[in-house]
Visitor: 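Have a look at the structure that comes next, please.
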Amino acid sequence: MRTTDPLAVVRNLGILAHVDAGKTTVTERILYATGTTHKRGEVHDGTTVTDFDPQERDRGITIFSAAVTCSWNGHRINLIDTPGHIDFADEVERSLRVLDGAVAVFDAVAGVEPQSESVWRQADRHGVPRIAFVNKMDRAGADLDAAVASIRQRLHPVPLAVHLPIGAEDAFAGVVDLLGMHALTWDDEGEARDPAPVPDVLREEALRRRRLLEEAVAELHPAALEEFCDTGALRTGTLTAALRDLTARGEAVVVLCGSAYRNRGIEPLLDAVLAYLPSPLDVPPVRGTHDGAEQERPADPAAPLAALAFKVNATATGRLTYLRVYSGTIEQGDTVWDATAGRAERVGRILRVRADRHARLDRAVAGDIVAVVGLKAARAGATLCAPDAPLVLEPPGTAEPVVSVAVEALRSTDAGRLASGLARLAEEDPSLVVRTDAETGQTVLSGMGELHLEVAVERIRRDHGLGVAVGRPRVSHRETVGRGVSGFVYRHVKQDGGAGQFAHVVLDVEPLDGTGSGFAFRSTVVGGRVPQEYVRAVEAGCRDALAEGPLGGHPVTGLRVTLTDGSTHVKDSSDTAFRTAGRLGLRDALRACAMVLLEPVAEVTVTVPQDAVGSVLGDLAARRGRVTGSVTRAGAAVVTATVPLAELFGYATRLRSRTQGRGTFTSRPTGYAPAPAGVTAR
């Protein structure tokens with residue numbers, strides 16, 4: 001690593017976790033430890049820096065990803081606190097797209113929870129190196145070894161614990177650092193004491209764990225193995241370097257522990273961020289495309305500009321666009337090229353972000369995460385680049401909405417303001433989709449879950465002062481082929497003066513390998529009876545037909561269409577004619593098939609007291625839930641079930657009433673499943 005390069009002392013990282021694992025508290029303690037704040041913010045008091053939105057403080061959860069910048073030991077850390085609730089996974093996705101590393105926070109009692117697993121898989125897709133912090137070591141039932149075992153079993157990297165707890169539960173006082181082989185403790189106020197020798201009572205266990213750590217690293221790292229074979233041990237420098245390499249390659253995850261609420265373990269976590277997570281220099285150059293050719297841009301302030309907009313926020317003082325600058329330099333007043341939209345934009349101001357507070361900058365360089373003011377139309381996912389060196393970076397993926405509600409203004413005179421507010425919401429959050437129902441004329445708002453839509457509607461009410469009526473939530477159904485048809489003939493003939501249209505196609509329609517998702521098209525036409533350019537037009541027409549199925553106008557998925565025969569007319573055949581034949585022919589063929597309605601399903605994890613298990617299981621069965629597992633953890637029962645998403649509306653209230661407020665649940669969409677007879681789209 002080039003330590004003389006300014007980028008070597010930059011870390012761009014995110015905090016990832018399941019809801020209520022202590023992610024925001026970890027962020028607050030990092031800000032306090034680095035001197036960025038002078039008072040510890042608390043989630044339950046609504047005094048946190050990153051949860052600054054009124055709804056976040058009211059609900060006690062993170063809803064919107066928030067960026068902050070702080071300094072530690074001569075390094076600048078650009079930190080993004082991400083949401084933990086599954087409904088806001090799209091916020092996590094956009095953040096992970098621009099991060100170089102992450103800290104995954106786990107509850108020391110619960111270990112890996114469902115959303116922990118989901119965000120871990122998201123980070124896997126983006127190749128983001130991670131370290132793990134096992135939080136809440138002061139809770140009753142906290143167990144570092146059990147948490148490490150759950151990481152190994154459910155997430156499948158090799159967890160390498162570098163801490164040994166000193167004390168347990170209420171008596172948790174600190175950790176033994178297995179690399180430095182010294183004790184790190186904190187006083188009752190959370191202030192760090194000077195490193196001390198390992199307590200005699202823990203010395204033997206600490207030596208045993210250090211040995212296990214060396215052996216595990218030697219198995220994974222060739223250079224460490226060579227030294228281990230030569231000397232029978234690993235020097236601390238070798239161990240640190242090997243852990244950094246293994247973290248960067250994703251072959252292992254360094255595990256630390258502490259209690260963020262009691263301010264214990266934060267300083268070692270910051271040291272680990274600097275030691276093991278990469279700087280912008282350590283990650284591969286960003287890749288993009290221009291005119292169909294792939295290009296690379298290095299993390300070099302002197303290279304042409306390439307930046308990705310990953311978040312847009314409309315505030316009372318203007319429109320903020322959050323950028324990760326991958327290469328080049330951007331200065332106040334610069335004209336940049338939005339390569340995604342194909343238009344020029346002017347940068348008014350550049351801001352260093354600390355949640356809802358900002359500090360002005362003259363410039364931002366490669367490796368920076370900043371906000372800019374002045375961009376009028378850039379959306380999340382847009383690439384901003386130098387006008388003379390255009391490049392398009394891959395945008396973050398956007399999840400498909402699964403829940404919809406109808407919204408309307410209580411006063412007809414507010415309809416225009418409501419439409420404007422919804423458009424701004426959709427601009428800020430690409431996972432929200434606004435459309436008008438062609439049959440009913442209703443405005444339909446679609447999102448990732450019930451809570452996601454509740455938050456969106458509440459923002460309309462608060463930010464715009466509008467009265468809004470909300471219809472019952474509806475889920476997005478799909479249709480698929482249960483039994484197909486063969487040899488379905490469709491002839492498209494149109495003659496109304498001048499050149500006519502003629503297309504003749506023969507289609508086979510069948511389920512796609514029983515997967516219930518996807519679409520495949522192929523042609524087995526021989527002898528040139530349908531020319532290749534018309535085959536492509538037929539495929540395009542078939543894809544058009546998938547937008548509305550015969551059961552209820554829902555999108556169609558999970559089928560294979562084969563063009564087996566057809567014919568052309570020497571004058572009247574055209575791409576347009578065959579595309580129309582493909583669309584209308586498949587539409588009629590689907591009416592002849594046995595179609596199956598698919599409904600979205602979710603994996604639900606319910607945590608309840610033992611005495612409420614029977615009541616909860618009965619309620620899940622009434623909601624057409626299928627129980628897939630049940631374990632006892634820390635005196636509570638954890639039930640896992642697959643439940644249709646439509647049956648989960650209002651479940652939180654019902655669960656609280658059945659468990660006297662002691663039950664909690666989380667859910668994550670897992671796909672679609674056939675709806676039983678009698679269930680209709682609603």
Side-chain angles (χ1 to χ4, degrees), residues 11-31 43 48-51 56 61-68 70 77-108 110-136 147-148 150-152 154-157 159 247-248 250 252-258 260 265-266 269-270 272-273 276-278 283 310-311 322 324 355 369 396-397 399 431 448 605 666 668:
R11 298 291 184 275
N12 294 315
L13 70 137
I15 308 291
L16 312 174
H18 182 90
V19 64
D20 205 32
K23 176 171 37 61
T24 298
T25 304
V26 169
T27 304
E28 290 297 317
R29 297 306 184 260
I30 287 176
L31 296 178
V43 172
T48 58
V49 172
T50 53
D51 285 356
E56 294 179 309
I61 62 171
T62 300
I63 296 173
F64 310 106
S65 57
V68 291
C70 55
I77 299 174
N78 298 318
L79 178 65
I80 297 181
D81 179 24
T82 65
H85 197 286
I86 183 62
D87 280 18
F88 308 103
D90 209 58
E91 284 273 332
V92 181
E93 184 75 15
R94 293 195 296 275
S95 299
L96 282 170
R97 174 64 180 82
V98 299
L99 294 174
D100 300 328
V103 175
V105 180
F106 300 95
D107 187 311
V112 176
E113 298 174 90
Q115 186 59 7
S116 311
E117 194 169 347
S118 295
V119 296
W120 191 274
R121 301 301 174 217
Q122 286 178 284
D124 279 343
R125 290 198 302 273
H126 290 281
V128 176
R130 280 140 282 169
I131 60 176
F133 181 71
V134 178
N135 190 27
K136 303 189 178 183
V148 169
S150 70
I151 292 173
R152 178 183 293 107
R154 297 191 63 174
L155 305 181
H156 308 300
T247 299
V253 57
V254 174
V255 181
L256 305 94
C257 67
I266 300 302
L269 175 61
L270 285 165
V273 165
Y276 306 124
L277 293 181
V283 297
F310 66 95
K311 181 178 174 67
Y322 290 77
R324 163 65 191 268
I369 292 179
S431 61
M448 300 305 299
T605 302
T666 60
R668 62 184 182 97

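As a basis for the values below, the full set of heavy atoms in this structure was taken, side chains included, without hydrogen atoms, waters or symmetry mates.
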Visitor: Roughly how far apart are Ile369 CD1 and Leu99 CG, rounded to 0.5 Å?
Guide: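 If we round to the nearest 0.5 Å, Ile369:CD1 and Leu99:CG are 5.5 Å apart.
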
Visitor: Can you tell if the side chain of Phe133 reaches within under 4.5 Å of the side chain of Ile15, non-hydrogen atoms only?
Guide: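 Phe133 does not reach Ile15 side chain to side chain.
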
Visitor: Does Leu269 reach the side chain of Val26, with side-chain heavy atoms less than 4.5 Å apart?
Guide: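 Yes, side chains in contact.
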
Visitor: With sequence neighbours left out, write down each residue that passes side chain to side chain contact (heavy atoms under 4.5 Å, CB included) with Ala123, or none if nothing qualifies.
Guide: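 Applying side chain to side chain contact (heavy atoms under 4.5 Å, CB included) to Ala123 gives Leu16, Leu96, Val128, Arg130.
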
Visitor: Would you call Ile77 and Leu270 a side-chain contact if the rule is heavy atoms closer than 4.5 Å?
Guide: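 Answer yes - side chains close enough.
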
Visitor: Can you tell me how far OG of Ser95 sits from NE2 of His126, rounded to the nearest 0.5 angstrom?
Guide: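 Taking NE2 in His126 and OG in Ser95, the distance rounds to 9.5 Å.
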
Visitor: Got a sec, which residues hit salt bridge (charged side-chain N to carboxylate O under 4.0 Å, His left out) with Glu93, two or more places apart in sequence or on another chain?
Guide: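 So Glu93 forms a salt bridge (charged side-chain N to carboxylate O under 4.0 Å, His left out) with Arg125.
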
Visitor: Could you tell me which residues satisfy side-chain hydrogen bond (donor to acceptor under 3.5 Å, both in side chains) with Arg154, sequence neighbours excluded, listed by chain and number?
Guide: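 For Arg154 the side-chain hydrogen bond (donor to acceptor under 3.5 Å, both in side chains) partners, ignoring immediate neighbours, are Glu117.
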
Visitor: Step by step, work out the side chain to side chain contact (heavy atoms under 4.5 Å, CB included) result for Phe106 and Val112.
Guide: CA-CA 6 Å; Phe106 300 95; Val112 176; 3.9 Å; yes

Visitor: With sequence neighbours left out, write down each residue that passes side-chain hydrogen bond (donor to acceptor under 3.5 Å, both in side chains) with Asp107, or none if nothing qualifies.
Guide: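 Partners of Asp107 under the side-chain hydrogen bond (donor to acceptor under 3.5 Å, both in side chains) test: Arg139.
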
Visitor: Tell me, with the steps shown, if Ile80 and Phe310 meet side chain to side chain contact (heavy atoms under 4.5 Å, CB included).
Guide: CA-CA 12 Å; Ile80 297 181; Phe310 66 95; 3.9 Å; yes

Visitor: Provide the closest heavy-atom pair for Pro159 versus Ile151 in the form atom of the first, atom of the second, distance.
Guide: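 Closest approach of Pro159 to Ile151, heavy atoms only: CB-CG2, 4.1 Å.
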
Visitor: Can you name the nearest heavy-atom pair linking Ala260 to Arg29, along with the distance?
Guide: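 Closest approach of Ala260 to Arg29, heavy atoms only: O-NE, 2.9 Å.
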
Visitor: With sequence neighbours excluded, tell me which residues meet side-chain hydrogen bond (donor to acceptor under 3.5 Å, both in side chains) with Arg94.
Guide: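 Checked Arg94 against side-chain hydrogen bond (donor to acceptor under 3.5 Å, both in side chains); matches are Asp90, Glu91.
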
Visitor: Test of understanding: with side chain to side chain contact (heavy atoms under 4.5 Å, CB included), list the residues that count as partners of Ala272, not counting sequence neighbours.
Guide: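 For Ala272 the side chain to side chain contact (heavy atoms under 4.5 Å, CB included) partners, ignoring immediate neighbours, are Ile131, Leu256, Tyr276.
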
Visitor: For the residue pair Asp100 and Pro278, what are the closest heavy atoms and their distance?
Guide: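 That would be O-CG, 3.2 Å.
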
Visitor: Could you work out, with side chain to side chain contact (heavy atoms under 4.5 Å, CB included) as the rule, every residue matching Thr605, not counting sequence neighbours?
Guide: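 Applying side chain to side chain contact (heavy atoms under 4.5 Å, CB included) to Thr605 gives Pro114, Val638, Thr640, Thr666.
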
Visitor: Would you compute the distance between atom OG1 of Thr25 and atom CD1 of Ile30 and round it to the nearest 0.5 angstrom?
Guide: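 One finds 11.0 Å between OG1 of Thr25 and CD1 of Ile30.
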
Visitor: Determine yes or no for a side-chain-to-main-chain donor-acceptor pair under 3.5 angstrom, with Asn12 supplying the side chain and Val98 the backbone.
Guide: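 Side chain of Asn12 to backbone of Val98, a donor-acceptor pair under 3.5 Å: no, none is there.
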
Visitor: Which atoms form the tightest heavy-atom contact between Gly127 and Pro129, and what is the distance?
Guide: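 Minimum heavy-atom separation between Gly127 and Pro129: O-CD, 3.4 Å.
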
Visitor: For residues Lys23 and Thr82, report the shortest heavy-atom separation together with the two atoms involved.
Guide: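 Taking Lys23 first and Thr82 second, the nearest heavy atoms are NZ-O, 2.7 Å.
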
Visitor: Show the nearest heavy-atom pair for residues Ala147 and Val134, with the distance to one decimal.
Guide: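 Closest approach of Ala147 to Val134: CB-CG1, 3.9 Å.
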
Visitor: Any side-chain heavy-atom pair from Thr27 and Leu79 closer than 4.5 angstrom?
Guide: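 The answer is yes; the side chains approach within 4.5 Å.
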
Visitor: Sub-3.5 Å donor-acceptor pair from the side chain of Arg11 to the main-chain atoms of Leu277, do we have one?
Guide: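 Between the backbone of Leu277 and the side chain of Arg11 there is a qualifying donor-acceptor contact (under 3.5 Å).
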
